[in-house]
Visitor: 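Structure in structure tokens, see below.
Quick caveat, the model's predicted, so the values are computed rather than measured. Numbers restart at 1 for each chain; the letters A, B, ... are given by sequence-line order, proteins then strands.
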There are 2 protein chains.
Amino acid sequence: MATIKDVARTAGVSTATVSAVMNDTAFVSPELRARVVTAIRELRYEPSLAARNLRRNRSQLIALAVADLSNPFYARIVWSAEAAVAAWGYSLVLFNSDEKPDTERRILSRIRTLGCDGMVLVPVGAANQYQPHEFEGIATVLLGRPIEGNSADTVSIDNRAAGRQAVDYLLDLGHRRIGSVTGPMQLSTSKGRLDGMIDAMAARGLTPQPGHVRSGEFREEAAYSVARDMMGSPDRPTAIYVANGVMAIGVMRAIADLGLRCPQDVSVASTDTVAGAGGLKPRLTRTEHPIADMTNEALRLLVDRIEERVSEPVRNIVFQPALIVGESCAPLRKDIG
Amino acid sequence: MATIKDVARTAGVSTATVSAVMNDTAFVSPELRARVVTAIRELRYEPSLAARNLRRNRSQLIALAVADLSNPFYARIVWSAEAAVAAWGYSLVLFNSDEKPDTERRILSRIRTLGCDGMVLVPVGAANQYQPHEFEGIATVLLGRPIEGNSADTVSIDNRAAGRQAVDYLLDLGHRRIGSVTGPMQLSTSKGRLDGMIDAMAARGLTPQPGHVRSGEFREEAAYSVARDMMGSPDRPTAIYVANGVMAIGVMRAIADLGLRCPQDVSVASTDTVAGAGGLKPRLTRTEHPIADMTNEALRLLVDRIEERVSEPVRNIVFQPALIVGESCAPLRKDIG
DNA sequence: CCCCGATAGCTAATCGTTTCGCTGAACTTT
DNA sequence: AAAGTTCAGCGAAACGATTAGCTATCGGGG
């Protein structure tokens, strides 16, 4: 690989001038500029980011650490993020914490070592598991799950509203015995959605039955077994609110395996389902997140911080979910009410 | 951020010693080692990759450039690749060429500038669109689509076998008027799969009708319109072989929109569908690729090259597809045969 | 008692950029 | 014509690590 010195020598100028031409950082006479440009082309010179970054203390890298790459929801985020990062002139370094706090901790340290200019993090741990120094000195945006007491910018969804919307819909259809399959309670996401459900029921003077609220990991398998258990009992709910897209797939499978039909025997509504899981029949009634918008916003905030165009302390952007009506919910049947 | 000098000063040793401790590259007495380790912990020192890389001419970065991040097939590759890259001690830089050769060209140059140690590329261009220098000096593995005449290692699927398997299955069910919706002909992937189809039909003395073989971009929309057109005509095929997973979704939608039923009115078989698109009803009969195995193998080859444990010129690994029988194919009905 | 070999640890050069501070030619201003 | 300005372009010092080559210490053999 040709270096800046080679270019300088070939063009008969100093390295400073080549640098000036490359970065348009000082006036260079047309003649010298032309010589430099020719030399660059001739030698196929490409500047070494390693050297530039060492000097500038920048890396042009933005890290994205998501909670579970096998989840289409996060795959969708990755897709949007790659586009946004490229549009801002950075490159994307991708990490998968696989919902494991330990892995996440290693990733955080790695991001630091790589000298990433910023990171977008979908945190997987509880608020008290983070040390302040893990976020120091590197621009951070938390996506999807805020961490209480953390001083990073945040882009999230109104989870409580999501739970409320979905369960309100089920209540409007006449359901009263409504169950829920939800994620780990230490995550604000799970908690918020469940709170929304409770809000909605409380507004009509109802409370969920204890055995009808189950939580487990945000995984298809966990949801399957939990749902199978819950739906196997005689006083099973007539409708279920599932707090996560992949979990919904597990729940649907459990229902089918129990010989129940959706929506005839049981209605299912969920939150955060990805449009692409779209082939699923019946199509889910769900609250959807504006993933692309959220991701773009997260990167806007991040780049703002990186390029220091921002002074305010912490910005918290909350998006609203939208209820998408599918075919997975039906009015309560008289005979099973 | 603390630097190696700070650590050296605090521990009362030279930077060389600190480096030796960090990299285990020379014998250091237990006493000094202890002092160094303490200082490192105390200052929370993390070495700067930028500096290390400048010196070592390494970046610890592996680039992955896929053809279309919105396609679950590639999302699956990304998932596997992240895990494999991390397991080998590198970090993953992700790019989406979006099936656009121009974008891909920019990506290649960016990868070079970043100084990535290696790259895994799912190429989107025709063989003659690549300049040899675009691959020079950087370890490369082509994934999925070989480029003829290119000297990079390759991991691919036996596309011809995939086409043959799927179409053989349709033929075994009695179908004779078989159509195909396939991708761009300049891609070896599309061509191979179509050739396989032709092989299978030829083996029974058949050839596809000209109007029954349509190609378009590897996108759902393209497939939708092409299929809609093909299936709208009176002598429409009784079975379709679709060369790609997302295209299959488009085809299924076209069939439904035309008021046809699958598999009763038309059988559909495809190649490369991702298991996760699994909710799709009826479940597709398809040839599947061992994505995780292919990706792992690609990274093994790549790391081999990067760490120069390899001398042979070019390695070409070809995986075999597996036929997965779903519910989207039925025996030929007498009345429409 | 001297010399030599082994080796722990240090000094300093190096990687390829950016950028500060300087030089000196060309122009202005009196 | 002398003095002051301007500014294109250069030289060299960073940035933070690795590493070749050197020094000094120690133990052992003759």
Visitor: Report the residue from B:V124, B:N71, B:L143, B:V122 that forms a side-chain contact (heavy atoms from CB on, under 4.5 Å) with B:V66.
Guide: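 Output: one option passes, namely B:V122.
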Visitor: Please work out if A:L32 contacts a base, only the sugar-phosphate, or nothing of the nucleic acid, heavy-atom cut-off 4.0 Å.
Guide: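 Sugar-phosphate contact only - A:L32 comes under 4.0 Å of backbone atoms but never of a base.
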Visitor: Can you confirm whether B:T189 sits close enough to B:S156 that some side-chain heavy atom of one is under 4.5 Å from a side-chain heavy atom of the other?
Guide: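 Contact flag for B:T189/B:S156 side chains = no.
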Visitor: Could you check whether the rings of A:F73 and A:H289 sit parallel, tilted or perpendicular, using 30° and 60° as the cut-offs?
Guide: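 Perpendicular.
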Visitor: So, for B:R300 and B:W88, which heavy atoms are closest and what is the spacing to 0.1 Å?
Guide: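 Scanning both residues, the minimum pair turns out to be CG-CZ2, 3.9 Å.
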Visitor: Under 4.0 Å from any heavy atom of chain B: name the first and the last nucleotide of DNA chain C that qualifies, 5' to 3'.
Guide: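 Terminal contacting nucleotides, 5' to 3': C:dA8 to C:dG16.
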Visitor: Mind checking if B:S29 touches a base, just sugar-phosphate, or nothing, with heavy atoms under 4.0 Å?
Guide: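 B:S29: backbone/sugar contact only, no base atoms under 4.0 Å.
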Visitor: Mind checking if A:N23 touches a base, just sugar-phosphate, or nothing, with heavy atoms under 4.0 Å?
Guide: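 The answer is sugar-phosphate, as A:N23 gets under 4.0 Å only of primed atoms, P, OP1 or OP2.
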Visitor: Do B:R106 and B:F95 touch side chain to side chain, with heavy atoms closer than 4.5 Å?
Guide: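 Side-chain contact under 4.5 Å: no.
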Visitor: On DNA chain D, which is the earliest and which the latest nucleotide, 5' to 3', with an atom closer than 4.0 Å to a heavy atom of chain B?
Guide: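 From 5' to 3', the first and last contacting nucleotides are D:dG16 to D:dT19.
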Visitor: Could you tell me whether B:S19 contacts a base, only the sugar-phosphate backbone, or nothing, with contacts defined as non-hydrogen atoms closer than 4.0 Å?
Guide: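 It contacts base atoms.
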Visitor: Starting at the 5' end of DNA chain C, which residue's closest nucleotide do you reach first, A:V18 or B:A16?
Guide: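 Nearer the 5' end of the strand: B:A16.
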Visitor: Rounded to the nearest 0.5 Å, what's the gap from OG on B:S48 to CG on A:N57? Could you check?
Guide: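 Answer rounded to 0.5 Å: 7.5 Å.
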Visitor: Pick the closest DNA chain D nucleotide for B:L54 and for B:T17 by heavy atoms, then say which residue is nearer the 5' end.
Guide: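 The residue mapped nearer the 5' terminus is B:L54.
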Visitor: Mapping B:A20 and A:N57 onto DNA chain D by nearest heavy atom, which one lands closer to the 5' end?
Guide: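 Mapping each residue to its closest nucleotide by heavy atoms, the 5'-most match is A:N57.
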Visitor: So which heavy atom on A:R305 is nearest to which on A:A139, and how close?
Guide: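 Minimum heavy-atom separation between A:R305 and A:A139: CB-CB, 3.9 Å.
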Visitor: Apply side chain to side chain contact (heavy atoms under 4.5 Å, CB included) to the pair A:V93 and B:L92, showing each step before the final yes or no.
Guide: CA-CA 6 Å; A:V93 189; B:L92 182 74; 5.7 Å; no
Visitor: Hey, is CG on A:D293 packed in by over 12 heavy atoms from elsewhere, all under 6.0 Å?
Guide: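 Count over threshold, so yes.
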Visitor: Does a side-chain heavy-atom distance below 4.5 Å link B:I306 with B:I62?
Guide: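 Yes; the side chains approach each other to less than 4.5 Å.
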Visitor: Would you mind reading off the bend of the helix from C:dC1-D:dG30 to C:dT30-D:dA1 from its two end axes, five pairs each, to 10 degrees?
Guide: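 The two end axes of the helix from C:dC1-D:dG30 to C:dT30-D:dA1 meet at 60°.
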Visitor: Side chains of B:S80 and B:R76: any donor to acceptor distance under 3.5 Å?
Guide: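 Yes, B:S80 and B:R76 have a side-chain donor paired with an acceptor closer than 3.5 Å.
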